[in-house]
A.B. asks: 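Supplied in structure tokens, the structure appears directly below.
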Amino acid sequence: MTEHRYNVKETESRWQSAWADKKVFEVTEDPSKKKFYALAMFPYPSGRLHMGHVRNYTLSDVVARYKRAMGFNVLNPMGWDAFGLPAENAAMENQTHPSKWTYQNIAVMKNQMKMMGLAIDWSREVTTCAADYYRHEQKFFLDFLKSDLAYQKEAFVNWDPVENTVLANEQVVDGRGWRSGALVERRKLKQWFLKITEFADDLLDGTKQLTGWPEKVRIMQENWIGKSQGLQFRFEYDGQGAQNSNIGNTLEIYTTRPDTLFGASFVAISPDHPVAAELSAKDKGIADFVAQCRAIGTSEAIVETAEKIGFDTGLKVKHPFIKGASLRVFIANFVLMDYGTGAIFGCPAHDQRDLDFARKYNLNVIPVVIPDGQEPKEFAVDMEAYTGPGRLYNSDFLNGMGVDEAKAEAIARIEKAGMGEGKTLYRLRDWGVSRQRYWGCPIPIIHCDACGVVPVPEDQLPVTLPEDVHFSQPGNPIYNHPTWKNVDCPTCGKEAQRETDTFDTFFESSWYQFRYCDPQNKDRGFAKDKVAYWAPVDQYIGGVEHAVMHLLYARFFTRALKKCGYLDFDEPFTALFTQGMVTHETYKDSAGKWLYPADLKKVGDKFVHAATGEAVTVGRIEKMSKSKKNTVDPVEILETYGADAARLFILSDSPPERDLEWTESGIEGAWKYLNRLWRLVMNADFNGTGGDTDAMRRKIHKTIHDMTQDLEKFHFNKSVARLRELSNALEDFSAAKGDGATLKEGCEVLLRLMSPMIPHIAEELWQAMGHKTLLVDAKWPEADASLLANDTVTMGIQVNGKLRATVTLPKDMAQADAEKAALSEAGVQKAMEGKPARKIIVVPNRIINVVV
RNA sequence: GCAGGCGUGGCGGAACGGUAUACGCAGCGGACUUAAAAUCCGCAGGGAGCAAUCCCGUAGGGGUUCAAGUCCCCUCGCCUGCACCA
């Protein structure tokens, strides 16, 4: 063979066309073949592909191509999570319609994806903002209504009082609206909810079966569902509470620590509690305090990190067990209305938030749980609450009990007294799906003054978005539209109004994995039999930032669809892989302004600004982001080095679950390797007769074996290392004029093994070696078991755990012989200093440890 | 604040509880070249020593074990999520 330069651009686009022309990656249901559904989380069409996308789709592509070579019928689809807030922001900034902006972005990004050479079945492309997609979820919603899985209730939103609009959490910056700068307040709106809590226990049980998921994600989901056993009971007001007839005689609270009741020193209710509202009506001080608490966003992180403040309502409640004792009732900003009853009792000694609050307002701190092994007299709580196990004291009938025993006893006593009952509670709240925005799926509901809430009749679906909307005025453009919401009531025919809220965009991403199975279906979201063939997804891949919400919603949605008869299983994703982020160094000029890597030039080992020559400060390595300008445009990489080099670098440098630092030298290294590979195959002389054929063949087959295992376990960086080892060995073998047939076998194995990772160059070289059929259709190689075993092993010999010698011994040597061999080593003798061996531990074929 | 994760040479990283640093990047030395790039060969955790060799090393501290990067406890640092970003 003759060497000529490797022409990346020409080669890559040629093979991309070849695969597309032959429809290599288009699939249909084929019951004779085992299916494999590989799925990457679909992108939001933000404008251009970023490196996180490139990493994600490279990973899923390796899986899809590898499984394909293994003989599976592989579904590997792609689509667009196309509804969302950024399209509306762009509309406001550039006066482009969200639809136009979105579809333009899709066109650009699809083109960019094609440059990556992905093994995608593009005939199944799905776009969620298209009516032929979202019409089906409108139908699902109507089914959920019928199945009692959807309902309306009041809930809080972030309200910008200047723009008169609802803000997303990300639009709230330091408690203020991002555009207006006005202080954000919590405001109540009537909204639609899906009853995810109906499946709380089922979702919890389900996580235990998800053995193909990372342990950490399962734990996060379990914690998010947050099942807790506790006590819900009623405090009786002491004195004046009863005077306000609207408040009633009792205050109901929930606690997970009924064992600490004797340590209670106050009661606190949420600012959003009905009692707080009742008191606000009559007391300006309380009203002002509640308003102060509400002048803060709705996000839990903000509420929980805010300084704890409280207000004494003047109300008091009687302690249920201590005669004559009463507790003051506060309104406290750290009590969440969404959890339990929106009211708690505070036990400062054993809860950090309660302790912070008690220290601030000079309330009693009464320890009632003493850590095991400590005397009550010695035990005190200062600024750190004790939340661990121990024995109860100071607690009357609970004294001496352990925490769990005391919990059970306290619950039993309260139940006996008729004041309350033990209760299982979940942290999980129902899923609020209403959004006061334009660029989303319209909720198919009509509000009629006479008939109330009326579902849109199914034959009137889809309810499509109005196109002639304006973003110049504040508020929801769909609500502001002059005519769209006016409609006749389907029941009584009188004038009525459409619901103007749209669905949360998590709605679309909760079922797209099923739409891919039957993307052209006009009648329904998907045919049951097609989903039965392809689903559930065998390998789902995406960012860990979706570990809780998206994945939990999709798991719920699958159960809800099952309840409505659409499918017959519970879990949408059998296996999950969460990838790390792509990071890059950051750069600043002397004025402290961020600089793009592309605007820099390297002079010696320092960076300067390419245009001005000004010195540049190199900052820390952070997640690529537009705001820090530490991004590298994938397209520039694809155009300079090609898809294979980008893919190889992404796979080789870090394990996929960890962060990947993008570096210029890294992509250069990948590029160099491709050229080296090119030379290896193109210069190979397949007529040689020398070399250590036996060793070479063992290396080839060991690589097949090891690499197959690595791919199964997502150890792609190790796979790349093994490929490099094999090609290094083949280079040496080739240089030694090694046996031609063995060299050919080695090169072909190498190409087949690397094909899922760097498919273009592998295909090119495969053809250069004389093959007439596509490498992409070649089977995965199998290792010859007889070549995997070695006759000898190198064992380390330790004396007292420290390595003193290594010896090469026959494999599976008898223990006594191994001991003898170990003791005869000079280094071992020396380290033993003439002392006798007390014990010798032989780990067969691995290590020998002599204890003296 | 709560929850989850991560931490190994100059750098990215290897390492069923069993020979720490595979593979690569950067570096150094050499070959080729008028020269450079590219390419090829070699060296390479830190310290001491002419050397054989020895000591120290997996964020820090403690523990379990014949043996700990790996298991347990504590501390520190960084990252992710927190329900209207996707």
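These values consider heavy atoms only, across backbone and side chains, with no hydrogens, waters or symmetry-generated copies. Within every chain, numbering begins at 1; the chains are lettered A, B, ... in the order of the sequence lines, protein sequences first and strands thereafter. Being a predicted model, the structure only gives us computed values, none of them experimental.
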A.B. asks: Do we see a donor-acceptor contact under 3.5 Å between the side chains of A:Asp812 and A:Asn845?
C.D. replies: yes
A.B. asks: With P as the reference atom in both, quote the distance from B:G17 to B:U70 in angstrom, rounded to an integer.
C.D. replies: 12 Å
A.B. asks: Would you kindly give the CD-to-C1' distance between A:Gln709 and B:A15, to the nearest whole Å?
C.D. replies: 16 Å
A.B. asks: Between A:Ile302 (CD1) and B:C2 (P), how many Å, whole number?
C.D. replies: 17 Å
A.B. asks: On RNA chain B, check which nucleotide each of A:Ala831 and A:Pro43 is closest to and give me the residue with the more 5' one.
C.D. replies: A:Ala831
A.B. asks: Could you check A:Asp430 against A:Asn223 and say which one's nearest nucleotide on RNA chain B is further toward the 5' end?
C.D. replies: A:Asn223
A.B. asks: Apply side-chain hydrogen bond (donor to acceptor under 3.5 Å, both in side chains) to A:His546 and list each qualifying residue two or more places apart in sequence or on a separate chain.
C.D. replies: none
A.B. asks: Give me the ring orientation class for A:Trp511 and A:Tyr133: parallel if the planes are under 30° apart, tilted from 30 to 60°, perpendicular past 60°.
C.D. replies: parallel
A.B. asks: Would A:Tyr673 and A:Ser652 count as having a side-chain donor-acceptor pair, cut-off 3.5 Å?
C.D. replies: no
A.B. asks: What's the gap between B:G1 and B:G61 when it is taken at their P atoms, as a whole Å value?
C.D. replies: 26 Å
A.B. asks: Both conditions, 6.0 Å and 45 degrees, for the charged tip of A:Arg186 above the ring of A:Trp159: are they met here?
C.D. replies: no
A.B. asks: If you check the A:Asn717 side chain, which of B:G12, B:G13, B:C16 turns out closest?
C.D. replies: B:G13
A.B. asks: Quick one: is B:U53 close enough that its OP1 or OP2 comes under 4.0 Å of any side-chain N or O from A:Arg804?
C.D. replies: no
A.B. asks: Measuring centre to centre across the rings, with the benzene-like ring taken for any Trp, is A:Trp662 within less than 6.0 Å of A:Phe649?
C.D. replies: yes
A.B. asks: Tell me whether the centres of the aromatic rings in A:Phe334 and A:Phe357 are closer together than 6.0 Å.
C.D. replies: yes
A.B. asks: Taking only the C1' atom of each, what is the distance from B:C85 to B:C74 in whole angstrom?
C.D. replies: 37 Å
A.B. asks: Roughly how many Å apart are B:C32 and B:C79, using the C1' atom of each and rounding to a whole number?
C.D. replies: 48 Å
A.B. asks: Would you tabulate the pairs of protein nitrogen or oxygen atoms and nucleotide nitrogen or oxygen atoms of nucleotides 46-48 of chain B closer than 3.5 angstrom?
C.D. replies:
none

A.B. asks: Check every atom of B:C16, B:A38, B:C23 against the side chain of A:Arg846 and return the nucleotide holding the closest atom.
C.D. replies: B:C16
A.B. asks: Among B:G18, B:U39, B:C82, which nucleotide sits nearest the side chain of A:Lys672?
C.D. replies: B:U39
A.B. asks: Could you please name the option among B:A83, B:C41, B:A22 that lies closest to any side-chain atom of A:Asp732?
C.D. replies: B:C41
A.B. asks: Taking the side chain of A:Lys830 as its heavy atoms from C-beta onward, which of B:G18, B:C40, B:U53 lies nearest to it?
C.D. replies: B:U53
A.B. asks: Verify the distance criterion only: is there a donor paired with an acceptor across the side chains of A:Gln221 and A:Arg555 at less than 3.5 Å?
C.D. replies: yes
A.B. asks: Ignoring the backbone of A:Lys802, work out which of B:C56, B:G1, B:A86 is nearest its side chain.
C.D. replies: B:C56
A.B. asks: Grab the CG-P distance between A:Asn675 and B:A37 for me, whole Å please.
C.D. replies: 17 Å
A.B. asks: Does either side chain, that of A:Asp504 or that of A:Trp431, offer a donor lying less than 3.5 Å from an acceptor on the other one?
C.D. replies: yes
A.B. asks: Indicate, with yes or no, if the rings of A:Tyr134 and A:Phe83 have centres closer together than 6.0 Å.
C.D. replies: yes
A.B. asks: Roughly, in whole Å, what's the span from CE in A:Met754 to P in B:C23?
C.D. replies: 16 Å
A.B. asks: For A:Tyr512, check ring pair (Phe, Tyr, Trp, His ring centres under 6.0 Å) against everything at least two apart and list the hits.
C.D. replies: A:Phe42, A:Tyr516
A.B. asks: Does atom OH of A:Tyr641 have more than 12 heavy-atom neighbours, drawn from other residues, nucleotides or ligands, at distances under 6.0 Å?
C.D. replies: yes
A.B. asks: In terms of side-chain heavy atoms of A:Ile847, which of B:A86, B:G24, B:U19 is nearest?
C.D. replies: B:U19
A.B. asks: Is the positively charged end of A:Lys227 above the ring of A:Tyr426, judged by distance under 6.0 angstrom from the centroid and angle within 45° of the axis?
C.D. replies: no
A.B. asks: Could you provide the dot-bracket string of RNA chain B, using ( ) for intrastrand pairs, [ ] for crossing pairs and | for bases paired to another strand, with Watson-Crick or G-U pairs below 3.5 Å?
C.D. replies: (((((((..(((.....[....))).(((((.......))))).((((....))))..(((((..]....))))))))))))....
A.B. asks: Can you tell me the distance, in whole Å, between the CG atom of A:Leu677 and the P atom of B:A38?
C.D. replies: 19 Å
A.B. asks: Any idea which of B:C23, B:A86, B:A26 is nearest the A:Ser665 side chain?
C.D. replies: B:A26
A.B. asks: The side chain of A:Ser299 is closest to which nucleotide in this list: B:C85, B:G18, B:A83?
C.D. replies: B:A83
A.B. asks: Collect all protein-nucleotide pairs involving nucleotides 60-67 of chain B in which both atoms are nitrogen or oxygen and the distance is under 3.5 Å.
C.D. replies:
| unit_1 | atom_1 | unit_2 | atom_2 | d |
| --- | --- | --- | --- | --- |
| B:C66 | O2' | A:Asn849 | ND2 | 3.2 |
| B:C66 | O2 | A:Asn849 | ND2 | 2.7 |

A.B. asks: Taking atom OG of A:Ser299 and atom CG of A:Asn158, what is their separation to the nearest 0.5 Å?
C.D. replies: 8.0 Å
A.B. asks: Measure all distances between protein nitrogen or oxygen atoms and nitrogen or oxygen atoms of nucleotides 79-81 of chain B, and list the pairs falling under 3.5 Å.
C.D. replies:
| unit_1 | atom_1 | unit_2 | atom_2 | d |
| --- | --- | --- | --- | --- |
| B:C79 | OP1 | A:Arg620 | NH2 | 3.2 |

A.B. asks: What is the distance, rounded to the nearest whole Å, between atom CG of A:Asn158 and atom C1' of B:C85?
C.D. replies: 13 Å
A.B. asks: Could you give the distance from CZ (A:Arg429) to CZ (A:Arg427), rounded to the nearest 0.5 Å?
C.D. replies: 7.5 Å
A.B. asks: Applying the side-chain hydrogen bond (donor to acceptor under 3.5 Å, both in side chains) test to A:Asp356, which of A:Arg353, A:Arg359, A:Gln352 qualifies?
C.D. replies: A:Gln352
A.B. asks: Which listed nucleotide (B:G24, B:A83, B:A20) is nearest to the side chain of A:Leu428?
C.D. replies: B:A83
A.B. asks: Decide, for B:G29, between syn and anti: a glycosidic angle within 90° of 0 counts as syn, anything else as anti.
C.D. replies: anti
